[in-house]
Amino acid sequence: MTEISIVGPGAGDVVLTGPVRMRILEDGSTTQHRLGLAEMTIAPHAQGPPQHRHAQHDEGFYVVSGTARFTVGEQVHDAAAGTLVMIPPGAPHTFANPGEEPAVVINTFTPDLYVQYFRDLRDMIASGHPFTQDAVIATMARYATVPATGFAADSQGEPA
């Protein structure tokens, strides 16, 4: 019989803590690496990463509660609970929480390539390695991701 995965509340691999908490729910091991899935909790008024582009995977965001702000190039979109945002390879993007309550978002990676990026960030922080923009960019590069330049860095702008 084929094995299934059941990840209960509080289970999973917590790879980020702080203003953005990420819990890996599926790392690709059950899906033959076709899909990775995480739960993100974004603190009120928290910023996400600088805008960036993925070359080898689609990224999806389903807003479970609260409001998440997505900046795609120069366009800003506020996504309320029940909203799905899909980012294809090559699209510049970032996210933030402009609201007064935490935003909970289910994050997908197709294929699962980017799950290891978050584990690498966790390991970098745990090892005491300086968590600098250059270190993050170097880590992103290992997963076919680069900063998106030429766009406003402020993901707290006014929504479109």
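The basis for the numbers below is simple: all heavy atoms, side chains too, and nothing from hydrogens, waters or symmetry mates. Sequential numbering from 1 along the given sequence is applied to the chain's residues.
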Using the side chain to side chain donor-acceptor pair (under 3.5 Å) rule, pick out the option among Arg34, His57, His33 that qualifies with Asp112.
His33
Rounded to the nearest 0.5 Å, how far does [atom2] of [Y] lie from [atom1] of [X]?
{"X": "Gln116", "Y": "Arg142", "atom1": "CD", "atom2": "CZ", "result": "8.5 Å"}
{"X": "Ile24", "Y": "Arg119", "atom1": "CD1", "atom2": "CZ", "result": "6.0 Å"}
{"X": "Asp78", "Y": "Thr83", "atom1": "CG", "atom2": "OG1", "result": "9.5 Å"}
{"X": "Phe61", "Y": "Ile87", "atom1": "CZ", "atom2": "CD1", "result": "6.0 Å"}
{"X": "Glu39", "Y": "Arg23", "atom1": "CD", "atom2": "CZ", "result": "4.5 Å"}
{"X": "Thr139", "Y": "Asp123", "atom1": "OG1", "atom2": "CG", "result": "10.0 Å"}

Do the ring planes of His52 and His93 sit parallel (below 30°), tilted (30 to 60°) or perpendicular (above 60°)?
tilted
Do Phe109 and Phe118 have ring centres separated by under 6.0 Å?
yes
I'd like to check the side chain to side chain donor-acceptor pair (under 3.5 Å) partners of Thr145; sequence neighbours left out, ordered by chain and number.
His54
Establish whether [X] and [Y] are linked, either directly or via other cluster members, by ILVMFWY side-chain heavy-atom contacts under 4.5 Å.
{"X": "Leu113", "Y": "Met86", "answer": "no"}
{"X": "Val136", "Y": "Val146", "answer": "no"}
{"X": "Val14", "Y": "Ile106", "answer": "no"}
{"X": "Leu121", "Y": "Leu37", "answer": "no"}
{"X": "Tyr62", "Y": "Tyr114", "answer": "no"}

Closest approach of [X] and [Y], non-hydrogen atoms and distance?
{"X": "Met22", "Y": "Ala38", "result": "CG-CB, 3.8 Å"}
{"X": "Ala68", "Y": "Pro98", "result": "C-CD, 4.4 Å"}
{"X": "Pro102", "Y": "Pro44", "result": "N-CG, 3.8 Å"}
{"X": "Arg53", "Y": "Pro92", "result": "NH1-CD, 3.4 Å"}
{"X": "Ala96", "Y": "Gln47", "result": "CB-CA, 4.2 Å"}
{"X": "Ala81", "Y": "Ser65", "result": "CB-CA, 3.9 Å"}

Donor-acceptor contact below 3.5 Å, side chain [X] vs main chain [Y]:
{"X": "Thr30", "Y": "Ile4", "value": "no"}
{"X": "Asn107", "Y": "Gly60", "value": "yes"}
{"X": "Gln51", "Y": "Gly73", "value": "yes"}
{"X": "Asn97", "Y": "Glu101", "value": "yes"}

Does Asp134 form a side chain to side chain donor-acceptor pair (under 3.5 Å) with Thr132? I'd like the steps, not just the answer.
CA-CA 5 Å; Asp134 288 342; Thr132 64; 5.4 Å; no
Val85 vs Phe95, test: side-chain contact (heavy atoms from CB on, under 4.5 Å). Steps then yes/no.
CA-CA 11 Å; Val85 176; Phe95 58 86; over 6 Å; no
State which residue, out of Asp120, Asp13, Val15, Asp27, fulfils the side chain to side chain contact (heavy atoms under 4.5 Å, CB included) condition with Val115.
Asp27
Student check: side-chain heavy atoms of Pro111 and Leu35 closer than 4.5 Å:
no
Report yes if some heavy atom in the side chain of Leu16 is under 4.5 Å from a heavy atom in the side chain of Arg21; otherwise report no.
no
Derivation of the side-chain contact (heavy atoms from CB on, under 4.5 Å) call for Glu100 and His45
CA-CA 7 Å; Glu100 299 296 326; His45 307 289; 3.0 Å; yes
